[in-house]
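Just follow the structure's listing: the first ligand is 1, and inside any ligand the first atom is 1. These numbers come from a predicted model, not from an experiment. Only heavy atoms go into these numbers, but all of them, side chains included; no hydrogens, no water, no symmetry mates.
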Amino acid sequence: MKNTDKRLSKFLSYVLRHNPGSIGIELDANGWVEIDTLLDHANRHGTRITRDDVIRIVSESDKQRFAVSEDSQRLRANQGHSVKVDLDLNSVPAPEMLFHGTVERFLDSIRVHGLLKGQRHHVHLSADEQTASIVGARRGEPVLLRIASREMGQHGHLFYRTKNGVWLTDHVPPQYIVFPAEWAD
Ligand code: HQG
């Protein structure tokens, strides 16, 4: 992806996940905004962006960060919101094991509190170790945690899966987390 597209992708993430008000737009209850409205407001607030840019960024996003509605009129972010939106997710049965990539400096707190969603709507988990490593590596040397997700499900925790394959849940209490030193190979 070109650098200008990366910059626009970050701009769209910021507006659609965190701060639609920064360009004077509102998202509907499910996180959608009319593309025409978005373009109009973005350009008026100093970000030059066209419909072609939006379509290209949506299709080239490595992680399918955005979705265009079936009628091609609206855009939303697929995940990662800090503003309140209902992504119409249906809970699904969790696999035996999921993974979470983090870094050493968070481990003491995670041992006490489990995985917390922080600014996000959910805790994000990965289906495979490689993806979790990439997520953890955003912050330093990645540390992989195994999550006993099936057991969590059996105990009433709900899991969701986004269109781009990210697993979401509300909170992972510490007793379901297997820390690296405890991994039995
Ligand atoms: C850590 C990116 C201390 C957690 C990625 C993580 C992913 C705790 C950080 C997606 C904690 C939160 C999500 C606790 C959790 N004490 N630290 N009790 N519980 N943490 O970015 O999972 O670019 O909110 O380990 O690729 O890193 O947004 O979550 O290190 O898919 O599309 O607190 O974000 O995708 O960080 O990443 P984040 P995450 P996008």
Under the 3.5 angstrom rule, does the side chain of N30 hit a backbone N or O of W32 as a donor-acceptor pair? no
Under 4.0 Å between heavy atoms, the region of R17 that gets near ligand 1 turns out to be side chain
For atom 11 (C) of ligand 1, what is the closest protein heavy atom, and at what distance to 0.1 Å? I110 CG1, 3.5 Å
Tell me which protein heavy atom sits closest to atom 23 (O) of ligand 1, plus the residue, atom name and distance to 0.1 Å. R65 NH2, 3.5 Å
What do the steps show when you test L12 against V58 for side-chain contact (heavy atoms from CB on, under 4.5 Å), and what is the final call? CA-CA 10 Å; L12 290 175; V58 170; 5.9 Å; no
Just to confirm my output: which protein heavy-atom neighbour is closest to atom 5 (C) of ligand 1, and how far is it? K63 NZ, 3.4 Å
Donor-acceptor under 3.5 Å (S59 side chain, I55 main chain): yes
Rounded to the nearest 0.5 Å, what separation is found between the NE2 atom of H41 and the CD1 atom of I49? 14.0 Å
Atom 1 (C) of ligand 1 [closest protein heavy-atom partner, distance rounded to 0.1 Å]: F106 CD1, 3.7 Å
Between Q73 and D71, is there a donor-acceptor pair closer than 3.5 Å when you use the side chain of the first and the backbone of the second? yes
Counting heavy atoms only, which part of Q79 comes closer than 4.0 Å to ligand 1: side chain, backbone, both or neither? side chain
Does R76 qualify as a cation-pi partner of F66, given the criterion of NZ or CZ under 6.0 Å from the six-membered ring centre and within 45 degrees of its axis? no
Geometry only, no angles: is G114 polar-contacting ligand 1 at N/O separations under 3.5 Å? yes
Once you round to the nearest 0.5 Å, how far does CG of N3 lie from CE of M1? 11.0 Å
Atoms in ligand 1 flagged as close to T102, the criterion being non-hydrogen separation under 4.0 Å: 4 (C), 25 (O), 30 (O)
Side chain or backbone, does H113 bring an N or O within less than 3.5 Å of an N or O on ligand 1? no
Taking atom types as modelled, is there a side-chain donor on S82 or H18 under 3.5 Å from an acceptor on the other? yes
Closer than 4.0 Å to some heavy atom of L115 - which atoms of ligand 1 meet that? 15 (C), 19 (N)
When you look for heavy atoms under 4.0 Å from ligand 1, do you find them on the side chain of R138, its backbone, both, or neither? side chain
Considering only non-hydrogen protein atoms, determine which one is nearest to atom 38 (P) of ligand 1 and report residue, atom name and distance to 0.1 Å. R120 NE, 3.3 Å
Min N/O separation V166 to ligand 1 under 3.5 Å: no
